Structures are given as structure tokens and as C-alpha cells.
There are 2 protein chains.
Amino acid sequence: MPQPSTPRRALGRPPRISRQEVVEKARRIVDEEGVGRLTMRRLAAEIGSTPMALYHHVRDKEELLVLLLDDYAERTLRRPEPPAHPRERIVTAAAAIHEVLAACPWIVEVLAADDLMSRSALWFVEQIVDGLVACGLSPERAVHGYRAIWYYTAGEIVVRATAARRRADESRATYRERVFADLDPSELPRLAQVADRWAPLTAEDTYLDGLRALVDGLIATR
Amino acid sequence: MPQPSTPRRALGRPPRISRQEVVEKARRIVDEEGVGRLTMRRLAAEIGSTPMALYHHVRDKEELLVLLLDDYAERTLRRPEPPAHPRERIVTAAAAIHEVLAACPWIVEVLAADDLMSRSALWFVEQIVDGLVACGLSPERAVHGYRAIWYYTAGEIVVRATAARRRADESRATYRERVFADLDPSELPRLAQVADRWAPLTAEDTYLDGLRALVDGLIATR
DNA sequence: ACCTGAACACCGTTCAAGT
DNA sequence: ACCTGAACACCGTTCAAGT
């Protein structure tokens, strides 16, 4: 997936389309019409070529999506001035990744990515791992701590994005309401107590609160 | 999605297949061949009917998947004896949900579910919210705390399931390795330091550690 | 009310051939 | 080396008709 360091143009027919053009056009389709509209056939048509020509520049659709995420991260991730306090460095780096990812919901399809191993995201991972070490964790526990933060962040985005997609479909949104409507207060008293506030409460953006709690818990000496 | 409380059989042609049969056969296909093999056409063939007959019992494929998750949760979630200490009650309930979901990776396609609002999961949500209240949080903050735990849990499962899927494809697993191989130690010292231990470190199951850290952070009076 | 058949409007990818 | 055309083996869903 990383561009080969030597472009080494081999002999033979000169290429008419480039990997870069493929990614760029794919990005335009995704931005303008959503990731659901990105098909190899559609992309080929946009480029003015055939579906099979694409397979000379990306190995398959999954690689195309990963390239798209790399490209997006590279263009939008901006490194913040790292705060002096390591705890804040961790929070700031995680929040920066979260902000960028949350702004592009199509990401969910790719997020699957083991650890968001985009080159451009590595600096943020470094900030988090280093911040945890500076807080007294061993390098091993710091890596585990980074993973926990990544789980929390990826989960927030996946859950939120899907909830938003569901909400768009009016007829489906009522399921939760029905379940909450006939809750048995003697069996589930707490849920009954908050039942009518559930929707607004879960609509609030509490990513940062949860992140701070998690980071606090991770660095607390136990 | 909940069965109507009155079955009220209307007049007309008697049904040859039931919603329950549809879900059961779908479950068998998923268990034996994976969620990727579950198609409306395949399912209809298994039942000995036509694809369109299914649409009389489920509104579309997405509803079928949600029904499948409900069914799975109902059959496998077993309520643990709640520990006396509220902190442990939270951890135990979350771990129980996590254990069940982690054991069925196909869930990822559905996990999207806003809050896992399966009826059978509500008891676990109650345990978590109630435990947080018992630890001194307001009901509102307790709901937010539950959400954070759910983000963390869902994220862990999604990330792990996708990583496993990728690992199955040998040729793709090398990307991370390549990125780590030519890491610049002066720019990313911490990552360079743990680079060769990254794979085993991230393969470890640290769900419980992260969960405990998150819960600690959530209930810490600040 | 429930089910069927045929069709619509698509997919990603392989294969064999052309330049 | 790069691109094309045709085909393979599928999808989910709608529509009109049958019982």
C-alpha cells in the first residue's frame, strides 16, 4: 500500500491512469454521494475507463478504501501543539484523531483497520504512548493503554454513525421507544427512571468526558 | 420488531412459513457458514421457498440481522449473580455482554445497534447504570457512563473482529509490519522502541484491564 | 393474507485477448 | 505493461399476478 520508493517505470505501454487519479476520483464520489455509491464500475465510468483497468492500480476494493482513509488522514490531520502535561497530551492527541474521524462517517467501513496504521496517524499514536509512559506506565502497559483508547474512540464513532444512519430512517427509530415504553419499573428501576430522558441523554456528545475518565483510570497508580 | 402481543391470525391463506422459522434457518446458515453466506436467496432456498416470501415475515435484510442478534442474545446471555460491590457489578455486567458478543464475530455487522437494545440485554444495562448510581453518579452521568462503557466494548469487538479477518488474509498482514519496519526512531521514539513487540502486545486480551480503568475513571470523584 | 415468477438494477472479479 | 470486452456468479428488492 505504501507507494514504492522507486517509481521505476518499466517498459511497455505507458499508463493512462494513475493510482493517485483513482484515489482522487474515488474521494470525489465519496464526498459528494457517500461511500455507498462508490463502486468499481461507477469509479471506472467517472475516470472514463473500464472497471478492470482499476485493478492494475489497486488490488481490490478493500485496498482502495484503505488508500482513501490514508489520503483523508494525511490531508486533514493537523498536529496540535502538544501540551506540557502528559495527561493532556494523551487527551489532545486522541481528541484530534476522534475529531477528524467523526467528521467523515464513511470511515466506519474501513475503521476496522487494526490500529489506524496510516502513516500520518502514527505521530498521534506516539503522543499517546509517550504520554502514558511519562505518566509512569511501562512501555508494555502504555501500548495496552493506547489500545483501550483506540477501542473507545473507534467504538464511539461506529456506534454514533450507525445510530445516525438509523435515525434517518424514520420507521425504524421507534423500536427503542417501544422497548422503553413498556419497561417494567420493578424489574429495571433505573432504566424506567431515565426512560423518557434516554434519547436526549444519549444524543449528547460526551466523548471527551469518557476519554478523560478512561485516561484517568489508565494512569491511576493502583 | 417485538412480536405483537396478540398474534391475531387474520383471515386468508394460512402461512406456510413463520418469522420464527426464518430466524432459525438464518441462524443455522450463519453458524455453519458465516454471516457472509446469509443472503435472502440462499435463505429462501434453505427454507424451500422463494426470496420474496421472506419479505412477508421480515421487512428487509437489516431487520433480519437485528432479529438474529436478539435471538442470539436471548439464548446465550446468562445473568451472573451480581456482586455486592457496585464497582464489581458494573464490571461483571459489561464483561458478560462482552464475552457473549466476542464469541460471535458476525455480530459486527449489526453491532451498529444504537445501544444493543435487545430486551434480554436490558438487565445488564440496568446493572451498569444502577452500579454507577450506587457509586455516587447522578442518573444522567450514569447513563453517559454506560454509553462510554458500551463504546469501549463495541469498539474492542469491532477492531478485534476486523483484525482477525485481515490476519486470515496473509498477503495483507504485512502492511503494518512494513510501516513499523521503516519507522524513524528520532521522530517516533516510543513506537520504535516497542515496534518489534507490537504484534504480540496487541494480540493480548486486555479488555478487562481497560474496562476496569474506564470504570475507575468514571466513578472517581473529581 | 400469503406466496410465486419474472424482472430490475445492480455488484466485485476473472479470463482471454488486444495494443 | 497496460487496457478492453465479455462473461461469471452473484446481490436485494419491486411489481403483477396467482391462490
Side-chain angles (χ1 to χ4, degrees), chain A residues 3-4 6-23 25-26 29-30 33-68 106 109-110 112 165-166 168-169 171-172, chain B residues 3-4 6-23 25-26 29-30 33-68 106 109-110 112 165-166 168-169 171-172:
Chain A
Q3 255 84 352
T6 357
R8 61 171 171 80
R9 281 253 9 84
L11 306 166
R13 189 167 169 173
R16 292 153 61 103
I17 58 182
S18 66
R19 187 190 183 98
Q20 197 198 312
E21 187 188 357
V22 170
V23 173
K25 282 285 203 309
I29 294 175
V30 166
E33 306 178 44
V35 72
R37 293 300 241 284
L38 179 66
T39 69
M40 300 303 266
R41 287 154 194 270
R42 172 71 206 284
L43 179 55
E46 205 80 0
I47 288 175
S49 183
T50 64
M52 277 319 297
L54 305 177
Y55 287 86
H56 269 269
H57 300 93
V58 298
R59 76 180 265 165
D60 55 19
K61 197 181 175 182
E62 182 162 346
E63 186 183 283
L64 175 62
L65 288 171
V66 173
L67 288 172
L68 221 42
W106 58 267
E109 318 253 330
V110 205
R165 189 150 52 78
R166 294 255 164 98
D169 181 354
S171 57
R172 222 180 283 276
Chain B
Q3 255 84 351
T6 356
R8 63 173 170 76
R9 281 252 13 83
L11 305 167
R13 188 168 169 171
R16 292 154 60 103
I17 57 181
S18 67
R19 187 191 184 98
Q20 197 198 313
E21 187 187 358
V22 171
V23 173
K25 282 285 202 308
I29 293 174
V30 166
E33 307 179 42
V35 73
R37 294 299 243 283
L38 179 65
T39 70
M40 300 303 266
R41 287 155 194 269
R42 173 70 206 283
L43 179 54
E46 206 80 0
I47 288 175
S49 183
T50 64
M52 277 319 296
L54 305 177
Y55 287 86
H56 269 271
H57 301 93
V58 299
R59 76 181 266 169
D60 55 20
K61 197 181 174 181
E62 180 160 347
E63 185 182 284
L64 175 61
L65 288 171
V66 173
L67 288 172
L68 222 42
W106 58 267
E109 317 252 330
V110 206
R165 191 151 51 79
R166 294 255 164 100
D169 182 354
S171 56
R172 223 180 281 277

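Throughout, protein chains are lettered first and strands after them, A, B, ... in sequence-line order, and every chain is numbered starting at 1. Note that the structure is predicted; figures quoted are calculated from it, not measured. These numbers come from the heavy atoms of this one structure, side chains and all, not from hydrogens, waters or symmetry mates.
One can place CD of Glu33(A) at 15 Å from C1' of dC10(C), the figure rounded to the nearest angstrom. We find that CG of Leu64(A) is positioned 10 Å from P of dG12(C), with the value rounded to whole Å. A straight line from CZ of Arg16(B) to C1' of dT4(C) spans 10 Å, rounded to a whole angstrom. Here the C1' atom of nucleotide dC11(C) and the CD1 atom of Ile29(A) are 15 Å apart, to the nearest Å. Rounded to a whole Å, the NZ atom of Lys61(A) is 14 Å from the P atom of dC10(C). Here dT13(D) presents its P atom at 11 Å from CD of Glu63(B), a figure rounded to the nearest Å.
Distances were taken from every side-chain heavy atom of His56(B) (C-beta onward) to each of dT13(C), dG12(D), dC3(C); the shortest belongs to dC3(C).
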What string of B, S and - do you get for nucleotides 14-19 of chain D, 5' to 3', when a contact is any protein heavy atom under 4.0 Å? BB--BB
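With sequence neighbours excluded, the residues that form a salt bridge (Lys or Arg N to Asp or Glu O under 4.0 Å) with Lys25(A) are Glu21(A). Residues forming a side chain to side chain donor-acceptor pair (under 3.5 Å) with Arg42(A) (at least two apart in sequence, or on another chain): Glu33(A), Glu46(A).
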Pair Val22(B), Leu67(B) - check side-chain contact (heavy atoms from CB on, under 4.5 Å), show working. CA-CA 10 Å; Val22(B) 171; Leu67(B) 288 172; over 6 Å; no
Can you give me every donor-acceptor pair (side chain of residues 50-58 of chain A, partner residue at least two apart or in another chain, under 3.5 Å) with its distance?
from	atom 1	to	atom 2	distance (Å)
His57(A)	ND1	Ala53(A)	O	3.4
His57(A)	NE2	Ile17(A)	O	2.8

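dA9(D) and dC10(C) are spaced 13 Å apart, taking the C1' atom of each and rounding to whole Å.
For the OP1/OP2 pair of dT4(D) and a distance below 4.0 Å, the side-chain nitrogens and oxygens of Ser49(A) include at least one atom meeting the criterion. At dC2(D), none of the side-chain N or O atoms of His57(A) fall inside 4.0 Å of OP1 or OP2 (strictly under the cut-off).
For the pairing with Ile29(B), the side-chain contact (heavy atoms from CB on, under 4.5 Å) check across Thr39(B), Leu43(B), Leu68(B) returns one residue only, Leu43(B).
A heavy atom lying under 4.0 Å from DNA chain C marks the following residues of residues 39-48 of chain A, by number: Thr39(A), Met40(A), Arg41(A).
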Under a cut-off of 3.5 Å for both distances of each Watson-Crick or G-U pair, what dot-bracket string does DNA chain D give, using [ ] for crossing pairs and | for inter-strand pairs? ||.|||||...|||||.||
